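Here's the structure, in structure tokens; my notes come after.
In this text, all values refer to a predicted model and were calculated from it rather than measured experimentally.
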Amino acid sequence: MAESRTGSSQEQSPSGLPIKPIPGNYGIPILSPIYDRLHYYYFQGHMSYFKSHAAKNNSTVVRMNMAPGIFMSHNPRVVAVLDAKSFRVLFDPSKVEKKDIVTGTYMPSLSLYSGIRPMAFLDTTEQLHSSLKSFSFHLLASRKSHFIPSFHEAYSSLFDLVETKLASGPVEFNSLNQSSVFDFTCNAFLGAVPSEVIGPSASNKAAIWLLFQLHPLVSRLTKFIPWPIEDLLLHCVPLPPCLTRSDYKALEEFFSKAGESLLEDAANKFGLSHHVALHNLIFMTTFNANAGFKIFMTILLKWLTYGGETLHRRLAQEIRSAVKPSNGTITLNALENMELAKSVVSEALRLDPPVENQFGRARTDIIIESHDTAFRVKKGEVICGYQPLAMRDEKVFTNAEEFIPDRFVGEGKKLLEYVYWSNGPETVAPATGNKQCSGKDMVLLVGRLFVAHIFLRYDTFSAVHDGMLLGLEPRMVFKSVKKASDH
């Protein structure tokens, strides 16, 4: 306890910060959660919603309601952590539980996963979590040599198609990317291409299954549905899982055959049943990897577009120099030597992480600290971290709102510990005892591959950022490309 200027004692945290009540409130039951949901999705948008609550309460730790709110969630109340320091509590397994909370205050129907709880919904204290995460590490390690050639195959075809279509006018990247990224991910993990096995509708089947899980988090599904009707359809009642059963069955058959050897390893090396391993393999590949890459590619393209020709020239020079020792071929060593490209990828992930929110539930009564104040969170309270705001913390990053391509070059690499997109600092490795993304290094690799592929192929390009799709990914439209002049 410390004595204040008035002579009264004030409780302090172990590091000496004053402990104060968490500001903010949850408003009127039923009405306020609905009001807040509409502002989150339609009237303000995600970033402005969190910023307005922080500004109103003059605090980066604040009580608020979190979408989708009532009807979809039994309790929309959260403690939001919105700065780089307080956010880190979500990475401490001793303080927060991650059971059934990866999607926030609501839980998708387990019938979407054939009745199992995928690893993402398991807490670190559950034994199955350790076995499944070990299996995920095995998957990534055993298929690592296939990542680069699978990417080259999928994205060479994509950009061939972009160039062909540009002859007739602007080309939307997102629709082409949906198929390419699913083919790449499955080929990299399983050695099979779903568009060849299932057919051209393979990526649509995956997208529909994802929508049935994530519809409470999306908005602006189509311009033809007025937002009040969309809100009723997407944010008030769960979509019936039976409507996507045939799509999931097609995925199940594909993964069962293509992943046969991996499923045998799951049983023999990690003690996992065929049922649990199969449906986790589908989730890891289609939800974790495919969906994440799909959003991430468009985010990268957006920031490369904003960087303009000056950045494009710098990247092209670096990338082409890096691949010269390997006769123009992209290798792991070449990617490791692309310092600017690596920084661009991390900067894009800092500003626009593919997964915006992280959640946890306090295991016990805990103290969390912002930069200048401490707060007490009671056992069982849900903590919500909004990453795009926490990673724009002006007390950590200079000109935090700006895209600075070489922010993480040289001494700037020290700031990577505040880049949290992977559910952990970028300087920390995923492990069975934490909830950090198993494929963190693969995400970074794929981001660098994407940048390198573009600037080995083109000197520059022109594109526009034309709004958001589902409120989750930038809609990117190519206007022109200029073929590489010296490669």
Side-chain angles (χ1 to χ4, degrees), residues 40 45-51 54 60 66-67 78 80-91 98 101-104 120 174 177 181 210 214 217-219 287-304 306 342-360 383-394 396-397 400-405 407-408 415-428 430 434-448 450-451 465 468-474 476:
Y40 181 78
H46 305 178
M47 178 68 79
S48 294
Y49 178 76
F50 283 104
K51 279 187 173 182
T60 52
M66 184 59 192
V78 301
V81 287
L82 306 175
D83 65 83
K85 186 176 180 181
S86 63
F87 194 98
R88 295 175 81 96
V89 69
L90 290 165
F91 307 143
K98 295 294 185 85
I101 204 167
V102 67
T103 47
N174 306 69
N177 187 49
V181 75
L210 289 166
L214 300 175
L217 305 181
V218 307
S219 58
F287 186 109
N288 294 136
N290 166 70
F293 289 148
K294 181 176 181 290
I295 296 173
F296 179 37
M297 300 290 191
T298 60
I299 289 170
L300 257 180
L301 187 57
K302 181 186 84 169
W303 289 112
L304 289 172
Y306 287 163
K342 288 159 62 176
S343 179
V344 165
V345 169
S346 293
E347 179 72 339
L349 287 165
R350 179 186 74 85
L351 289 166
D352 282 327
V355 178
E356 290 186 339
N357 299 305
Q358 299 289 348
F359 296 88
I383 303 168
C384 167
Y386 183 64
Q387 295 192 92
L389 197 50
M391 292 193 290
R392 299 181 190 211
D393 189 334
E394 292 283 357
V396 173
F397 297 102
E401 294 283 348
E402 296 180 20
F403 174 66
I404 301 177
R407 185 185 294 276
F408 299 107
L415 293 172
L416 287 172
E417 70 169 299
Y418 299 103
V419 179
Y420 300 148
W421 63 270
S422 64
N423 201 11
E426 196 162 308
T427 51
V428 172
N434 64 31
K435 292 296 291 183
Q436 190 166 23
C437 173
S438 301
K440 184 196 80 168
D441 290 342
M442 184 184 179
V443 173
L444 295 171
L445 170 67
V446 168
R448 295 163 190 170
F450 185 69
V451 176
H465 174 203
M468 299 290 289
L469 295 178
L470 305 183
L472 298 177
E473 68 175 282
M476 298 302 301

*When rounded to the nearest 0.5 angstrom, what distance separates OH in Y420 from CG in L90?*
10.0 Å

_My understanding is that only residues two or more places apart in sequence, or in another chain, count here; which of them pass ring pair (Phe, Tyr, Trp, His ring centres under 6.0 Å) with Y418?_
none

*Sidechain-backbone polar pair: N174 side chain, P474 backbone, donor-acceptor under 3.5 Å*: yes

*Look up atom CD in E426 and atom CD in E417, then write down how far apart they are to the nearest 0.5 Å.*
11.5 Å

*With sequence neighbours left out, what residues match E356 under side chain to side chain donor-acceptor pair (under 3.5 Å)?*
H46

*Before giving the answer on side chain to side chain contact (heavy atoms under 4.5 Å, CB included), spell out for V443 and F293 the whole-Å C-alpha distance, their side-chain angles and the decisive distance to 0.1 Å.*
CA-CA 7 Å; V443 173; F293 289 148; 3.9 Å; yes

*Kindly write out the residues that satisfy ring pair (Phe, Tyr, Trp, His ring centres under 6.0 Å) with Y49, not counting sequence neighbours, or none if the list is empty.*
Y40, H53

*May I ask you to decide if I295's main-chain N or O and T298's side chain share a donor-acceptor pair within less than 3.5 Å?*
yes

*asked:* Counting C-beta onward and ignoring hydrogens, is there a side-chain heavy-atom pair between R350 and L415 closer than 4.5 Å?
replied: no

*Between F50 and Y386, ring centroids under 6.0 Å*: yes

_For the backbone of L82 and the side chain of T60, can you confirm whether one donor and one acceptor N or O come within less than 3.5 Å of each other?_
no

*So, D352 side chain and I299 main chain: donor-acceptor pair closer than 3.5 Å or not?*
no

_N177 side chain near M476 side chain, heavy-atom distance below 4.5 Å_ = no

*Check step by step if side chain to side chain contact (heavy atoms under 4.5 Å, CB included) holds for F87 and M391.*
CA-CA 9 Å; F87 194 98; M391 292 193 290; over 6 Å; no

*For R448, all residues meeting salt bridge (charged side-chain N to carboxylate O under 4.0 Å, His left out), sequence neighbours excluded*: none

*asked:* With rounding to the nearest 0.5 angstrom, report the CG to CG distance, L210 to N290.
replied: 6.5 Å

*Which pair of heavy atoms, one from F91 and one from G424, lies closest together, and at what distance?*
CE2-N, 3.4 Å

_Side-chain heavy-atom pair H465, Y306 within 4.5 angstrom cut-off_ = yes

_For S422, is there any backbone N or O sitting under 3.5 Å from a side-chain donor or acceptor partner on Q436?_
no

*Identify the two heavy atoms, one from V396 and one from A84, that lie closest to each other, and give their separation to 0.1 Å.*
CG2-CB, 3.7 Å

*What closest approach, in Å, do L389 and M47 show between heavy atoms, and which atom pair accounts for it?*
CD1-SD, 3.9 Å

*Is it true that a side-chain atom of E347 and a backbone atom of F408 form a donor plus acceptor pair closer than 3.5 Å?*
no

*Taking the side chain as every heavy atom from C-beta outward, state whether P405 and S343 have any atom pair closer than 4.5 Å.*
no

*Who are the salt bridge (charged side-chain N to carboxylate O under 4.0 Å, His left out) partners of K440, not counting sequence neighbours?*
none

*Given V345 and F296, is the side chain to side chain contact (heavy atoms under 4.5 Å, CB included) satisfied, shown in steps?*
CA-CA 10 Å; V345 169; F296 179 37; 3.7 Å; yes

*Quick one: does W303's side chain get under 4.5 Å of V344's, heavy atoms only?*
no

*asked:* I need the K294 NZ to L469 CG distance, nearest 0.5 Å.
replied: 7.0 Å

*Quick check: does any side chain N or O of R392 sit under 3.5 Å from a backbone N or O of L351, one acting as donor and the other as acceptor?*
yes

*To the nearest 0.5 Å, tell me how far L349 CG sits from L416 CG.*
10.5 Å

*Taking only residues two or more places apart in sequence, or in another chain, which ones meet E394 in a salt bridge (charged side-chain N to carboxylate O under 4.0 Å, His left out)?*
none

*With the side chain counted from C-beta on, respond yes when P425 and R88 share a heavy-atom pair under 4.5 Å apart, and no when they do not.*
yes

*For the residue pair M66 and C384, what are the closest heavy atoms and their distance?*
SD-SG, 4.3 Å

*Counting only N and O atoms by type, is there a donor-acceptor contact under 3.5 Å from the side chain of R407 to the main-chain atoms of S346?*
no

*asked:* Restricting to non-hydrogen atoms, name the atom on V102 and the atom on A120 that form the minimum distance, rounded to 0.1 Å.
replied: CB-O, 3.5 Å

*Quick one: are V355 and W421 in side-chain contact, heavy atoms under 4.5 Å?*
no

*Of all heavy-atom pairs between S438 and P430, which one has the smallest distance, and what is that distance?*
O-CG, 4.0 Å

*Would you mind reporting whether L472 and P354 have side-chain heavy atoms less than 4.5 Å apart?*
no

